[in-house]
Amino acid sequence: MTLIPTLSTDFLTPLYRFILLHHRQTLTHTVPCQTQDYDLIARYRLMFKPHSNTIKAIRSRLLDWYDQNARSLPWRPASPTSAPIPPYYTLVSEAMLQQTQVATVIPYFHRFLETFPTLETLANADEQQVLTLWQGLGYYRRARNLHACAKTIITEHNGIIPSDIDSLLALPGIGQYTAGAIASIAFNQPAPILDGNVIRILSRIFFITDPTDHTPVKKQLWLLADQLVPAPVSTDFRPGDYNQSMMELGALICSPRNPKCDTCPIQKLCKAYADGSPESLPVTLPKSKPRPVNHHILAITHPSQPNTYLLEQRPPTGLWSNMYQLPTLELNHSKDIATDQLAAYAQKHLKIKPQAITPLKTFKHQTTHLTITFHLHAITPAFIPSQLKPKTQWRSLDKLADLPFSNPQLKAIKAMN
DNA sequence: AAAGCGGGGAC
DNA sequence: GTCCCAGCTTT
């Protein structure tokens with residue numbers, strides 16, 4: 001019994017060739033197999049080589065379903081016959097859609113393109129303006145990467161977004177998924193994608209019960225996705241539409257909970273449905289819980305100018321990098337002791353000697369890794385400092401529209417007005 | 001391999 | 001409350 005998979009490598013990128021080679025070796029070492037390995041080997045066979053009829057059925061059913069049920073979205077052509085959208089639109093939408101739902105992205109996408117209608121306008125913009133348009137969307141590194149991406153494409157690719165996976169992967173903020181999405185959607189290249197939707201669908205169709213965020217399983221899923229994406233020789237060579245049909249199915253039918261199996265175009269091909277357990281897949285590794293921390297916000301009023309407060313810019317790395325805020329420090333102990341610490345911090349780091357510190361408000365903010373309790377304090381300086389620390393400035397709260405703030409900072413600022 | 005990185009939708 | 005979302009990067 002041979003377990004060497006027969007894959008066409010004609011259209012695989014070097015990365016996939018590497019993965020494939022690695023697993024060929026793995027499988028070679030598995031032969032001859034031990035009896036206790038039969039289950040594992042059966043699973044590997046399945047994952048490597050679905051029956052060609054299964055592959056064809058999945059492709060054609062998904063494409064037919066997509067033609068009838070695709071949502072109208074701003075980054076899609078209005079109809080199959082209308083002009084293709086610029087690759088720049090695909091780049092922007094894919095950056096925004098990373099870990100973010102379609103409904104959340106739509107208004108941001110419109111505002112962004114209104115301000116930066118072309119790659120060149122984006123490349124020439126200030127990072128501050130790009131971040132401000134991203135305000136509230138989260139994962140702000142995406143905005144800075146997209147901005148850097150535009151600059152790089154202008155200088156190193158003559159302003160033309162590259163269509164090959166390797167060039168795309170070299171750009172900041174573009175990983176395997178986004179490279180595959182841009183190559184397939186914007187340039188109709190037969191590149192696979194693997195996002196949360198595709199993982200969910202593949203794990204259910206092929207009944208993959210291993211944790212899908214485990215690296216070897218993830219590699220198998222990439223190989224599976226690579227086999228399923230239409231190849232140039234096939235009659236239904238629409239890799240961009242096929243990839244989008246997978247994600248569309250994951251969003252509209254094959255949802256994490258309460259999947260609508262009754263209306264699923266590939267229900268008959270789904271092993272998890274046959275097993276009666278689609279909702280139990282995919283299996284994921286347990287995630288760590290958010291850590292509680294305390295952040296203290298200092299609302300320092302200008303002694304003479306009304307409604308004017310001291311602002312600072314956050315460091316270029318870490319949480320809310322490069323965004324603006326009322327001076328804020330992390331201080332993790334009881335609130336009573338905090339006042340002295342706040343005064344010391346204001347003197348040392350802001351050159352402000354507080355005349356009075358008044359607690360104003362406390363509120364919680366949730367991120368993926370932190371549960372932050374914000375403590376908002378009003379501070380009246382004893383005098384106006386002769387000079388300010390770098391990256392700090394006095395600013396009227398009426399004139400903040402051009403600066404990027406995190407949601408909790410906006411909340412604190414709103415409480416001051 | 002694991003952690004850091006946001007905010008909101010859906011239930 | 002929970003889980004997850006058209007993931008990427010750093011350690």
Side-chain angles (χ1 to χ4, degrees), chain A residues 70-71 73-76 89-109 131 134-146 148-149 168-186 191-201 211-219 222 225 240 242-252 254-259 279-280 282-291 293 314 317-323 364-372 404-411:
Chain A
R71 290 169 292 182
L73 298 176
W75 47 87
R76 285 180 182 163
Y89 287 28
T90 309
L91 174 65
V92 173
S93 67
E94 289 302 336
M96 289 186 168
L97 285 162
Q98 287 167 8
Q99 292 291 287
T100 310
Q101 294 183 183
V102 165
T104 306
V105 165
I106 289 175
Y108 282 89
F109 181 80
L131 270 177
W134 215 270
Q135 178 174 281
L137 196 56
Y139 283 156
Y140 300 95
R141 189 172 54 188
R142 294 180 293 170
R144 306 208 290 140
N145 281 336
L146 178 59
C149 205
L168 287 166
L169 277 176
L171 295 169
I174 296 185
Q176 273 191 38
Y177 161 77
T178 308
I182 294 174
S184 63
I185 296 171
I193 58 163
L194 191 70
D195 74 328
N197 293 300
V198 179
I199 290 171
R200 191 165 56 251
I201 294 169
T212 53
D213 35 16
H214 194 48
T215 302
V217 179
K218 186 69 76 73
K219 286 180 180 175
W222 270 107
Y242 167 78
N243 282 339
Q244 293 191 80
S245 76
M246 287 287 277
M247 298 190 284
E248 199 79 345
L249 189 80
L252 300 181
C254 198
S255 43
R257 281 177 290 183
N258 304 321
E279 218 173 356
S280 67
V283 174
T284 57
L285 266 25
K287 299 162 187 67
S288 57
K289 291 175 184 172
R291 185 166 50 89
V293 296
R314 292 181 64 86
T317 59
L319 189 63
W320 298 307
S321 52
N322 276 8
M323 299 179 79
K364 283 189 181 299
H365 181 79
Q366 190 70 42
T367 77
T368 308
H369 293 274
L370 299 174
T371 301
I372 308 175
F405 294 89
S406 68
N407 276 7
Q409 287 293 330
L410 287 174
K411 196 169 182 175

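Just so it is clear, the structure is predicted and the values come from calculations on it, not from any experiment. Order of the sequence lines sets the chain letters (A, B, ...), proteins ahead of strands, with each chain counted from 1.
Here the closest heavy-atom approach between residue A:Ser184 and residue A:Asn243 is recorded as OG-ND2, 3.0 Å. Nearest approach of A:His365 to A:Pro408, heavy atoms of both residues: CE1-CD, 3.5 Å.
To the nearest angstrom, C1' of B:dA1 lies 9 Å from NE2 of A:His214. To the nearest angstrom, C1' of C:dA6 lies 15 Å from CD of A:Gln176. Between A:Asp195 atom CG and C:dC5 atom C1' the separation is 9 Å, expressed in whole Å. The distance from atom CD1 of A:Ile185 to atom P of C:dA6 is 12 Å, rounded to the nearest whole Å. In this structure, NZ of A:Lys218 is placed 11 Å from C1' of C:dC8, rounded to the nearest angstrom. Separating the CD atom of A:Glu279 from the P atom of C:dC3 is a distance of 13 Å, rounded to the nearest angstrom. We find that CG of A:Leu249 is positioned 14 Å from C1' of C:dA6, with the value rounded to whole Å. As a whole-Å value, the separation of A:Tyr177 OH from C:dT9 P is 14 Å.
Across C:dC5, C:dC4, C:dA6, the shortest atom-to-atom separation from the side chain of A:Arg200 is found for C:dC5.
Heavy atoms of A:Trp75 sit under 4.0 angstrom from at least one base atom. Among the atoms of the strands shown, base atoms are found under 4.0 Å from some heavy atom of A:Arg76.
Residues that satisfy the salt bridge (charged side-chain N to carboxylate O under 4.0 Å, His left out) test with A:Arg144, not counting sequence neighbours, are A:Glu127.
Between A:Lys287 and C:dT2 there is no side-chain polar atom (N or O) within less than 4.0 angstrom of OP1 or OP2. Between A:Ser93 and C:dA6, a side-chain N or O to OP1/OP2 separation shorter than 4.0 Å is absent.
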Contact letters for nucleotides 3-11 of chain B, in which S counts primed atoms plus P, OP1 and OP2 and B counts the base, heavy atoms under 4.0 Å: -BBBBBBBS
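The pair A:Arg71-A:Glu248 meets the salt-bridge criterion, since a charged nitrogen lies less than 4.0 angstrom from a carboxylate oxygen.
B:dG6 and C:dT11 are spaced 15 Å apart, taking the P atom of each and rounding to whole Å. One P atom belongs to B:dC11, the other to C:dA6, and the distance between them is 13 Å to the nearest Å.
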Derivation of the ring-ring contact (aromatic ring centres under 6.0 Å, His included) call for A:Tyr108 and A:Trp134: CA-CA 7 Å; A:Tyr108 282 89; A:Trp134 215 270; 7.7 Å; no
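To the nearest 0.5 Å, atoms CG (A:Asn407) and OG1 (A:Thr367) are separated by 12.0 Å.
When each of A:Glu94, A:Gln98, A:Arg142 is tested with A:Thr178 by the rule side-chain hydrogen bond (donor to acceptor under 3.5 Å, both in side chains), just one qualifies, namely A:Gln98.
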